[in-house]
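Step one of this worksheet: look at the structure below.
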Amino acid sequence: MLRHLIQPLDFTTTEFEELFRLADDILLDPIKYGDICNGKILASLFFEPSTRTRLSFESAMYRLGGEVVGFADAKVSSTAKGESLQDTLRTVENYADIATMRHPKEGAALLSAKAMNRMPIINAGDGGHQHPTQTLTDLMTIRHYKKRFDNLTIGLCGDLKFGRTIHSLVRAMNRYENVKFIFISPDELKMPKQFKDELKEGSYEETSNLEDAIDKLDILYMSRVQKERFVSEEEYIRLKDFFILDNEKMKKAKEDMIVLHPLPRVNEIATEVDSDSRAVYFEQARFGMYIRMALIIFLLEIEVEL
Ligand code: NCD
(Lines give C-alpha, C1' and ligand atoms only; values in the text may rest on other atoms or scores of the structure.)
Protein backbone atom coordinates (compact mmCIF):
# COMPACT_ATOMS: atom_id res chain seq x y z
CA MET A 1 0.00 0.00 0.00
CA LEU A 2 1.30 3.45 -0.90
CA ARG A 3 2.22 5.36 2.28
CA HIS A 4 3.70 8.81 2.82
CA LEU A 5 5.17 10.51 5.86
CA ILE A 6 3.89 14.07 5.89
CA GLN A 7 3.41 14.60 9.63
CA PRO A 8 4.10 12.37 12.65
CA LEU A 9 0.53 11.14 13.15
CA ASP A 10 0.65 9.44 9.74
CA PHE A 11 2.38 6.58 11.58
CA THR A 12 1.12 4.83 14.70
CA THR A 13 3.29 4.61 17.81
CA THR A 14 3.66 0.87 17.06
CA GLU A 15 5.02 1.70 13.61
CA PHE A 16 7.39 4.22 15.20
CA GLU A 17 8.63 1.48 17.50
CA GLU A 18 9.17 -0.82 14.48
CA LEU A 19 11.27 1.92 12.90
CA PHE A 20 13.36 2.39 16.06
CA ARG A 21 14.00 -1.36 16.28
CA LEU A 22 15.00 -1.48 12.66
CA ALA A 23 17.28 1.56 13.08
CA ASP A 24 18.88 -0.10 16.14
CA ASP A 25 19.54 -3.22 14.08
CA ILE A 26 21.07 -1.19 11.25
CA LEU A 27 23.34 0.55 13.78
CA LEU A 28 24.48 -2.82 15.11
CA ASP A 29 24.99 -4.51 11.77
CA PRO A 30 25.15 -2.00 8.89
CA ILE A 31 26.71 -4.54 6.49
CA LYS A 32 23.54 -6.64 6.59
CA TYR A 33 21.70 -3.70 5.00
CA GLY A 34 24.44 -2.64 2.58
CA ASP A 35 22.67 -3.71 -0.61
CA ILE A 36 19.05 -3.94 0.45
CA CYS A 37 18.09 -1.00 -1.81
CA ASN A 38 20.09 -2.11 -4.85
CA GLY A 39 18.45 -0.76 -7.98
CA LYS A 40 16.27 1.71 -6.08
CA ILE A 41 16.45 5.48 -6.53
CA LEU A 42 15.73 8.20 -3.97
CA ALA A 43 14.74 11.62 -5.31
CA SER A 44 16.10 14.28 -3.00
CA LEU A 45 14.16 17.47 -3.73
CA PHE A 46 15.29 20.42 -1.64
CA PHE A 47 13.59 23.69 -2.51
CA GLU A 48 15.03 25.17 0.71
CA PRO A 49 18.52 24.96 2.29
CA SER A 50 19.50 21.94 4.37
CA THR A 51 22.63 20.28 5.67
CA ARG A 52 21.71 17.42 8.00
CA THR A 53 18.36 16.40 6.59
CA ARG A 54 19.49 16.27 2.97
CA LEU A 55 22.91 14.76 3.57
CA SER A 56 21.58 12.21 6.05
CA PHE A 57 18.86 11.11 3.60
CA GLU A 58 21.32 10.85 0.75
CA SER A 59 23.91 9.01 2.86
CA ALA A 60 21.12 6.76 4.13
CA MET A 61 20.18 5.72 0.58
CA TYR A 62 23.82 5.18 -0.48
CA ARG A 63 24.48 3.11 2.62
CA LEU A 64 21.50 0.91 1.70
CA GLY A 65 23.03 0.33 -1.74
CA GLY A 66 20.61 2.63 -3.58
CA GLU A 67 21.17 5.67 -5.76
CA VAL A 68 20.15 9.32 -5.40
CA VAL A 69 18.99 11.95 -7.89
CA GLY A 70 17.80 15.45 -7.11
CA PHE A 71 18.66 19.03 -6.39
CA ALA A 72 19.65 21.08 -3.38
CA ASP A 73 18.49 24.41 -4.71
CA ALA A 74 15.11 25.29 -6.23
CA LYS A 75 16.81 27.63 -8.70
CA VAL A 76 18.22 24.69 -10.66
CA SER A 77 14.87 22.86 -11.01
CA SER A 78 12.10 23.65 -13.49
CA THR A 79 10.17 25.39 -10.72
CA ALA A 80 12.32 28.34 -11.75
CA LYS A 81 10.59 28.16 -15.17
CA GLY A 82 7.18 28.28 -13.50
CA GLU A 83 6.41 24.57 -13.28
CA SER A 84 3.90 23.62 -10.58
CA LEU A 85 5.01 21.46 -7.70
CA GLN A 86 2.57 18.70 -8.63
CA ASP A 87 3.89 18.58 -12.19
CA THR A 88 7.48 18.38 -10.93
CA LEU A 89 6.58 15.53 -8.59
CA ARG A 90 4.52 13.68 -11.20
CA THR A 91 7.55 13.77 -13.45
CA VAL A 92 9.91 12.61 -10.73
CA GLU A 93 7.57 9.70 -10.02
CA ASN A 94 8.59 8.29 -13.41
CA TYR A 95 12.25 8.25 -12.43
CA ALA A 96 12.51 7.51 -8.71
CA ASP A 97 11.08 4.95 -6.27
CA ILE A 98 10.80 7.27 -3.26
CA ALA A 99 11.16 11.01 -2.69
CA THR A 100 12.13 13.26 0.15
CA MET A 101 11.23 16.92 -0.23
CA ARG A 102 11.70 20.18 1.62
CA HIS A 103 9.73 23.24 0.60
CA PRO A 104 9.19 26.73 2.05
CA LYS A 105 5.39 26.49 1.72
CA GLU A 106 3.26 24.88 4.42
CA GLY A 107 1.32 21.98 2.95
CA ALA A 108 3.65 21.47 -0.03
CA ALA A 109 4.43 17.85 0.86
CA LEU A 110 0.78 16.94 1.38
CA LEU A 111 -0.17 18.51 -1.93
CA SER A 112 2.55 16.53 -3.67
CA ALA A 113 1.58 13.28 -1.95
CA LYS A 114 -1.98 13.65 -3.20
CA ALA A 115 -0.70 13.70 -6.78
CA MET A 116 1.20 10.41 -6.42
CA ASN A 117 0.24 7.01 -7.80
CA ARG A 118 3.19 4.91 -6.64
CA MET A 119 5.98 7.04 -5.14
CA PRO A 120 6.10 7.52 -1.34
CA ILE A 121 6.75 11.13 -0.31
CA ILE A 122 8.65 11.99 2.83
CA ASN A 123 8.19 15.51 4.14
CA ALA A 124 11.64 16.87 5.00
CA GLY A 125 10.13 20.14 6.22
CA ASP A 126 7.28 22.28 4.86
CA GLY A 127 7.67 25.92 5.85
CA GLY A 128 6.94 26.55 9.52
CA HIS A 129 4.60 23.57 9.65
CA GLN A 130 5.98 20.03 10.18
CA HIS A 131 9.24 18.07 10.03
CA PRO A 132 8.42 14.44 10.88
CA THR A 133 11.82 12.87 10.15
CA GLN A 134 13.47 15.28 12.56
CA THR A 135 10.90 14.03 15.07
CA LEU A 136 11.91 10.43 14.40
CA THR A 137 15.50 11.53 14.99
CA ASP A 138 14.53 13.31 18.22
CA LEU A 139 12.51 10.33 19.45
CA MET A 140 15.30 7.89 18.68
CA THR A 141 17.64 10.06 20.75
CA ILE A 142 15.14 10.27 23.63
CA ARG A 143 14.60 6.50 23.47
CA HIS A 144 18.35 5.91 23.59
CA TYR A 145 19.03 8.14 26.60
CA LYS A 146 15.78 7.92 28.55
CA LYS A 147 14.61 4.40 27.58
CA ARG A 148 11.01 5.61 27.55
CA PHE A 149 8.64 8.18 26.05
CA ASP A 150 6.20 8.42 28.94
CA ASN A 151 6.52 10.26 32.28
CA LEU A 152 8.81 12.93 30.91
CA THR A 153 8.89 16.69 31.27
CA ILE A 154 10.16 18.32 28.14
CA GLY A 155 11.06 21.99 27.79
CA LEU A 156 10.85 23.44 24.29
CA CYS A 157 12.79 26.64 24.09
CA GLY A 158 13.20 29.30 21.41
CA ASP A 159 11.11 29.86 18.32
CA LEU A 160 7.94 27.90 19.03
CA LYS A 161 5.95 29.89 16.50
CA PHE A 162 7.87 28.99 13.35
CA GLY A 163 9.85 25.96 14.58
CA ARG A 164 8.48 23.06 12.56
CA THR A 165 10.64 20.53 14.41
CA ILE A 166 8.92 21.63 17.61
CA HIS A 167 5.42 21.38 16.15
CA SER A 168 6.10 17.83 15.01
CA LEU A 169 7.84 16.70 18.19
CA VAL A 170 5.07 17.99 20.45
CA ARG A 171 2.43 16.31 18.30
CA ALA A 172 4.30 13.01 18.49
CA MET A 173 5.10 13.17 22.23
CA ASN A 174 1.50 14.04 23.08
CA ARG A 175 0.57 10.43 22.27
CA TYR A 176 2.52 9.05 25.23
CA GLU A 177 1.34 8.87 28.84
CA ASN A 178 2.04 11.64 31.33
CA VAL A 179 4.22 13.83 29.15
CA LYS A 180 4.45 17.40 30.34
CA PHE A 181 5.46 20.25 28.03
CA ILE A 182 6.98 23.51 29.18
CA PHE A 183 6.94 26.02 26.33
CA ILE A 184 9.72 28.55 26.83
CA SER A 185 9.66 31.48 24.43
CA PRO A 186 9.37 35.24 24.16
CA ASP A 187 5.76 36.40 23.81
CA GLU A 188 6.22 37.02 20.09
CA LEU A 189 7.28 33.43 19.39
CA LYS A 190 4.78 31.43 21.44
CA MET A 191 3.50 28.02 20.46
CA PRO A 192 0.58 28.56 18.02
CA LYS A 193 -2.88 27.94 19.45
CA GLN A 194 -3.74 25.29 16.83
CA PHE A 195 -0.96 23.04 18.20
CA LYS A 196 -1.75 23.76 21.86
CA ASP A 197 -5.39 22.87 21.23
CA GLU A 198 -4.32 19.33 20.31
CA LEU A 199 -2.71 18.71 23.70
CA LYS A 200 -4.14 16.85 26.65
CA GLU A 201 -5.81 18.91 29.37
CA GLY A 202 -3.28 20.43 31.79
CA SER A 203 -0.28 18.95 30.01
CA TYR A 204 1.54 22.18 29.24
CA GLU A 205 2.65 25.47 30.73
CA GLU A 206 4.18 28.53 29.14
CA THR A 207 6.94 30.83 30.34
CA SER A 208 9.49 33.24 28.97
CA ASN A 209 12.08 32.34 31.60
CA LEU A 210 14.46 29.47 30.87
CA GLU A 211 16.24 29.74 34.21
CA ASP A 212 13.01 29.25 36.17
CA ALA A 213 12.03 26.16 34.20
CA ILE A 214 15.30 24.34 33.67
CA ASP A 215 15.43 22.41 36.97
CA LYS A 216 12.11 20.69 36.21
CA LEU A 217 13.17 19.24 32.88
CA ASP A 218 14.13 15.74 31.78
CA ILE A 219 14.72 17.02 28.26
CA LEU A 220 15.57 20.51 27.07
CA TYR A 221 14.91 20.99 23.34
CA MET A 222 16.62 24.17 22.17
CA SER A 223 15.86 25.78 18.83
CA ARG A 224 17.08 28.54 16.56
CA VAL A 225 15.00 31.63 15.88
CA GLN A 226 13.80 30.93 12.32
CA LYS A 227 15.24 33.94 10.52
CA GLU A 228 13.86 32.98 7.11
CA ARG A 229 10.24 33.09 8.33
CA PHE A 230 10.40 36.66 9.67
CA VAL A 231 8.85 39.50 7.73
CA SER A 232 10.79 42.10 9.70
CA GLU A 233 14.59 41.90 9.96
CA GLU A 234 14.45 44.24 12.97
CA GLU A 235 12.14 41.90 14.85
CA TYR A 236 14.48 38.99 14.12
CA ILE A 237 17.49 40.90 15.42
CA ARG A 238 15.60 41.84 18.57
CA LEU A 239 14.59 38.24 19.32
CA LYS A 240 17.47 36.14 18.04
CA ASP A 241 19.53 36.11 21.22
CA PHE A 242 16.61 36.03 23.66
CA PHE A 243 17.81 32.70 25.12
CA ILE A 244 21.38 31.55 25.39
CA LEU A 245 22.00 28.28 27.18
CA ASP A 246 25.39 28.37 28.92
CA ASN A 247 27.23 26.46 31.65
CA GLU A 248 25.83 28.75 34.32
CA LYS A 249 22.25 27.78 33.41
CA MET A 250 23.23 24.12 33.02
CA LYS A 251 24.29 24.08 36.70
CA LYS A 252 20.61 24.37 37.65
CA ALA A 253 19.53 21.44 35.49
CA LYS A 254 19.06 17.82 36.59
CA GLU A 255 22.13 15.63 36.28
CA ASP A 256 20.39 13.37 33.81
CA MET A 257 18.63 16.04 31.78
CA ILE A 258 19.54 15.84 28.09
CA VAL A 259 19.87 18.81 25.76
CA LEU A 260 18.60 18.30 22.23
CA HIS A 261 18.77 20.69 19.28
CA PRO A 262 17.79 19.88 15.68
CA LEU A 263 20.68 22.09 14.52
CA PRO A 264 21.82 24.36 12.93
CA ARG A 265 22.69 26.29 16.07
CA VAL A 266 23.24 30.03 15.87
CA ASN A 267 23.82 31.58 19.33
CA GLU A 268 21.22 29.82 21.45
CA ILE A 269 23.65 27.30 22.92
CA ALA A 270 27.08 28.59 23.94
CA THR A 271 29.79 26.30 22.56
CA GLU A 272 31.07 25.78 26.13
CA VAL A 273 28.00 23.56 26.70
CA ASP A 274 29.14 21.12 23.97
CA SER A 275 31.53 19.36 26.33
CA ASP A 276 28.82 18.81 28.97
CA SER A 277 27.86 15.11 28.84
CA ARG A 278 24.18 16.13 28.84
CA ALA A 279 24.58 17.90 25.48
CA VAL A 280 23.65 15.20 22.97
CA TYR A 281 22.79 17.20 19.86
CA PHE A 282 25.62 15.91 17.69
CA GLU A 283 24.80 12.33 18.64
CA GLN A 284 21.20 13.21 17.77
CA ALA A 285 22.33 14.19 14.25
CA ARG A 286 24.06 10.80 13.91
CA PHE A 287 20.87 8.93 14.83
CA GLY A 288 19.14 10.89 12.05
CA MET A 289 20.83 8.89 9.33
CA TYR A 290 19.97 5.49 10.83
CA ILE A 291 16.33 6.30 11.38
CA ARG A 292 16.09 7.57 7.79
CA MET A 293 17.60 4.30 6.57
CA ALA A 294 14.89 2.49 8.49
CA LEU A 295 12.19 4.77 7.07
CA ILE A 296 13.30 4.23 3.47
CA ILE A 297 13.21 0.43 3.96
CA PHE A 298 9.77 0.69 5.55
CA LEU A 299 8.20 2.89 2.87
CA LEU A 300 9.68 0.81 0.06
CA GLU A 301 8.05 -2.20 1.78
CA ILE A 302 11.27 -4.20 1.77
CA GLU A 303 10.99 -7.28 3.98
CA VAL A 304 13.67 -7.60 6.67
CA GLU A 305 14.28 -10.06 9.45
CA LEU A 306 15.54 -8.55 12.67
C1 NCD B 1 15.62 22.20 11.27
C2 NCD B 1 14.68 22.58 10.15
O3 NCD B 1 15.08 22.59 8.99
O4 NCD B 1 13.54 22.85 10.48
N5 NCD B 1 16.85 21.72 10.80
C6 NCD B 1 16.97 20.38 10.60
O7 NCD B 1 16.31 19.81 9.76
N8 NCD B 1 17.80 19.70 11.40
C9 NCD B 1 15.79 23.25 12.29
C10 NCD B 1 16.21 24.61 11.86
O11 NCD B 1 16.47 24.86 10.69
O12 NCD B 1 16.28 25.46 12.75
Side-chain angles (χ1 to χ4, degrees), residues 5-8 23 42 44-60 70-74 99-110 121-142 154-172 183-186 188-189 191-192 195 219-230 236 239-245 258-269 274 279-293 295-296:
L5 178 59
I6 308 302
Q7 57 100 10
L42 168 80
S44 170
L45 314 172
F46 280 76
F47 297 87
E48 231 192 19
S50 171
T51 303
R52 274 148 294 270
T53 307
R54 184 172 68 81
L55 297 184
S56 66
F57 260 118
E58 296 183 2
S59 314
F71 48 82
D73 181 348
T100 178
M101 62 176 286
R102 169 172 289 187
H103 198 281
K105 287 222 173 78
E106 280 89 23
L110 182 61
I121 302 275
I122 304 169
N123 181 11
D126 61 325
H129 190 222
Q130 297 284 327
H131 191 347
T133 65
Q134 181 63 47
T135 297
L136 285 170
T137 304
D138 303 339
L139 293 183
M140 189 169 168
T141 314
I142 293 170
I154 170 163
L156 299 117
C157 178
D159 188 345
L160 313 187
K161 181 177 179 192
F162 296 117
R164 57 193 173 195
T165 68
I166 287 172
H167 303 158
S168 285
L169 179 60
V170 167
R171 198 174 255 184
F183 297 133
I184 309 160
S185 74
E188 296 84 343
L189 299 178
M191 188 73 171
F195 296 118
I219 299 161
L220 172 57
Y221 195 94
M222 293 297 295
S223 67
R224 160 183 83 87
V225 175
Q226 305 280 299
K227 181 174 188 216
E228 63 276 36
R229 318 257 177 252
F230 275 74
Y236 168 69
L239 294 171
K240 75 180 172 61
D241 295 329
F242 197 90
F243 297 111
I244 298 180
L245 181 66
I258 51 171
V259 184
L260 304 188
H261 192 309
L263 303 176
R265 147 179 66 189
V266 185
N267 288 327
E268 58 281 355
I269 304 182
D274 296 0
V280 300
Y281 26 88
F282 288 106
E283 186 66 5
Q284 182 185 356
R286 191 172 88 89
F287 285 136
M289 183 180 73
Y290 293 98
I291 197 67
R292 289 181 174 105
M293 288 170 85
L295 179 64
I296 290 170

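Start at 1 with the first residue, then count along the sequence. Each ligand, and each atom within it, is numbered from 1 in the order the structure gives.
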Gap between atom [atom2] of [Y] and atom [atom1] of [X] - 0.5 Å precision:
{"X": "Leu260", "Y": "Glu283", "atom1": "CG", "atom2": "CD", "value": "11.5 Å"}
{"X": "Arg54", "Y": "Phe57", "atom1": "CZ", "atom2": "CZ", "value": "12.5 Å"}
{"X": "Ile122", "Y": "Thr133", "atom1": "CD1", "atom2": "OG1", "value": "7.5 Å"}

Salt-bridged, Glu48 to Arg229, with N to O below 4.0 Å? yes
At a 4.0 angstrom heavy-atom cut-off, what protein residues surround ligand 1? Thr53, Arg102, His131, Gln134, Arg164, Thr165, Arg224, Gln226, Pro262, Leu263, Pro264
Taking only residues two or more places apart in sequence, or in another chain, which ones meet Glu268 in a side-chain hydrogen bond (donor to acceptor under 3.5 Å, both in side chains)? His261
Parallel, tilted or perpendicular: rings of Phe230 and Tyr236 (30°, 60°): perpendicular
